[in-house]
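Report on the following structure.
Lettering of chains follows the sequences in order, A, B, ..., and the numbering in each one begins at 1.
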There are 2 protein chains.
Amino acid sequence: MKPRTTIRDVARKAGVSVGTVSRVVNGHPSVTEAKKRAVLQVIAELGFRPDAAAQSLRRGTNRTLGVVIPDLRNPFFAELMQHIELRAKERGYSVLFASSDEQADSEAELIANLARRKVEGVVLVPSNRAERIANPDGVRLVVVDRRIAGHPFVAADHRAGARMAAEYLVSLGHRRIACLSGPENSFVARERLAGFMDVMAPRLAEAGLDPASCIISAPFDYEGGREAAKALLADDGPRPTAVFACSDQQAIGVLRTAFDRRITVPDRLSVVGFDDILISDLVAPRLTTAAQPLAAIANCATDLLIGGEPLDAAASHIFPCAMVLRETCAPPL
Amino acid sequence: MKPRTTIRDVARKAGVSVGTVSRVVNGHPSVTEAKKRAVLQVIAELGFRPDAAAQSLRRGTNRTLGVVIPDLRNPFFAELMQHIELRAKERGYSVLFASSDEQADSEAELIANLARRKVEGVVLVPSNRAERIANPDGVRLVVVDRRIAGHPFVAADHRAGARMAAEYLVSLGHRRIACLSGPENSFVARERLAGFMDVMAPRLAEAGLDPASCIISAPFDYEGGREAAKALLADDGPRPTAVFACSDQQAIGVLRTAFDRRITVPDRLSVVGFDDILISDLVAPRLTTAAQPLAAIANCATDLLIGGEPLDAAASHIFPCAMVLRETCAPPL
DNA sequence: TTGAAAGCGCTAACAT
DNA sequence: ATGTTAGCGCTTTCAA
């Protein structure tokens, strides 16, 4: 790594002062066209790039956003991350990424580290356990996907989305519908379960059924769905004719178990997922799902942080989901 | 964001000089136990965290790695990214992420920006088009997955992996084996195709067949596999009894098309993928694939950069693949 | 062992 | 319009 060319090198070679060079670099208006051209010329010649550390030290900020996400192996988060980085880049920002690995207690540490690095804000997708988040440095923070009280929150309307999914299943004629929920400590799981219950509770009561009988909790990943489906699709007693899974990954796990059990989808079992991750459209059969407007969520969170607006309660944004009807649902036999 | 506590605040409150505080923070030995304790105490009280920008400006480096990756929506890259960040974090480093969106011409710009931010090194997964990469700032660079001449290279042995896959198919008794290759300008695609041909060329020659007849190129993603499979599995002429896809995503796309065409896998068509991404184990049937040792690759690249060792040709590492036998292969009917 | 002080490269306030 | 200069917060000589 050769010694960087500094603003002084540029100033000397261009025969101007460092102040002028700085003004040119930062687009300050009061520089004559001639000097500006000369400076720009020298900058190009020398390949000068302002040192970000020096700028950061001086300005107290450095056009960087932090993103803390549980696990990029979850395709939903990976897609979210991709969208955030894209938007940030468009606006001239860089992104520091840190994964919390679903460890709620590591989040504070991660955020503190980002604060130390002078990020202008951080997008946090809290781990399932996180009930509150320590933010002693007062970093600008936007919470995405999973709500944390007291912080601006950007997410899909999980509950309404789940309601749509349940209603769709009901409209198809299903009555025995199981809900494959997420971890019990998960905000998202609770919301989606609530949406499901908004639709199902009255019907269940009418039929004299215990709501608990049609709910099962499992991790949001493929494996969780696959395992839970083993219980759901057991041969004892009446099987559900439809399953609403709280994530596409779970739903794909359900598809997998159904395949193993020779239960054809959608003929003998309808399945609805949630999220609309990329593979949902590729599995066989294609997954019907409640789609989250991922790009809108990512852009909103990013813009909120970059915009410099006050991050109060009013900054929260909830986006509606949309059902994407594909091949995993049909009326019950 | 309240005004940060600085090293001077700590020094004043602890009744020592800033130099001493700095020495304590950096674990310099020559500080008496008493002062050290006092300083540590004050640091804890004040919640002091050294300003990364100031450290960076002074030291010229800042315990940060850059990662440039084409697209996190590709699960292989997302998993790679996750592993890199994990390893970096273990070693006390942060990660700046930038996606190149498969635009070869944006990579230089991205790297220059990372250089400006004083990263200690960058992990680059070049876009398919990239033949060389401009690195005017002399950033420490490790190229992963796709080779670029003149740079240290960490990757799986694509060619040998493809050879294993082809041999496996042959050992099962397949003779009409198609290769679903990647984009023609892709290093990885070329390597894997070459491995496939190492095994198949002699057999093809023996049978008097044109090698080109069993090769088709497509993007590495799901859609690419699905579309290419439509041609591969067309009803005109003899269909291949097996397909070697150059990525798991393609392979899953093939599975999808086979399903649509009512071609049962593995009975009437065997499929082998490459990479062993997480979903490979979840699709139905489970995908047999040549697994890349992803963690080893990520760790090696990360350690190379952090280690500070010279990044010459000798720094390259090639890791062997391993066949993961699951459910998509069987002897031909 | 410890304190004092010189910058690292830049921006912005001030002077001209 | 432009040059000069004082720091931003830290690490690291250099002296004591």
Any donor-acceptor N/O pair under 3.5 Å between D:dG3 base and A:R23 side chain: yes

Side-chain N or O of A:T6 closer than 4.0 Å to phosphate OP1/OP2 of C:dG9: no

Separation of D:dT12 C1' from B:I7 CD1 (nearest whole Å): 11 Å

Pair of N/O donor and acceptor under 3.5 Å linking D:dG9 base with B:R49 side chain: no

Given D:dT4, D:dT2, C:dC10, the nucleotide with the shortest approach to the side chain of A:R8: C:dC10

N-O pairing of A:E102 and A:R73 below 4.0 Å: no

Interatomic distance where CZ belongs to B:R63 and P belongs to D:dC10 [whole Å]: 17 Å

Nucleotide D:dG7, atom C1' - distance to CZ of A:R59 in whole Å: 16 Å

Salt-bridge criterion met for B:R4 and B:D9 (N-O under 4.0 Å): no

Closest to side chain of B:V16, choosing from D:dT12, C:dG3, D:dG3: C:dG3

Electrostatic pair B:E120:B:R91 at N-O distance under 4.0 angstrom: no

Residues B:D303, B:R87: salt bridge by 4.0 Å N-O rule: yes

Selected nucleotide, minimal atom distance to A:K35 side chain, candidates C:dC10, D:dC10, D:dT2: D:dT2

Whole angstrom value for the distance that separates P of D:dG9 from CG of B:L46: 14 Å

Earlier contact from the 5' end, DNA chain D, for A:V31 and A:V18: A:V31

A:N26 side chain vs A:S22 backbone, donor-acceptor pair below 3.5 Å: yes

Residue B:A54, side-chain heavy atoms: nucleotide from C:dT2, D:dG9, D:dT2 that is nearest: D:dG9

Spacing of A:D51 atom CG relative to D:dG9 atom P, expressed in whole Å: 17 Å

Proximity to the side chain of A:L57 - top-ranked nucleotide from D:dT11, C:dG9, D:dT4: C:dG9

B:E45 and B:K13 ion-paired at < 4.0 Å: yes

Gap between atoms CD and C1', on A:Q55 and C:dA12 respectively (whole Å): 13 Å

Sugar-phosphate, base or nothing in reach of A:T32, heavy atoms under 4.0 Å: sugar-phosphate

Minimum-distance nucleotide to A:T20 side chain [options: C:dG9, C:dA5, D:dT2]: D:dT2

Nearest-nucleotide comparison on DNA chain C, the residue closer to the 5′ end among A:V25 and B:H28: B:H28

Nearest to side-chain heavy atoms of A:N26, which nucleotide of D:dT11, C:dT11, C:dG3: C:dT11

Gap between atoms CZ and P, on A:R12 and D:dT2 respectively (whole Å): 20 Å

Distance in angstrom units between A:R58 CZ and C:dG7 P, rounded: 19 Å

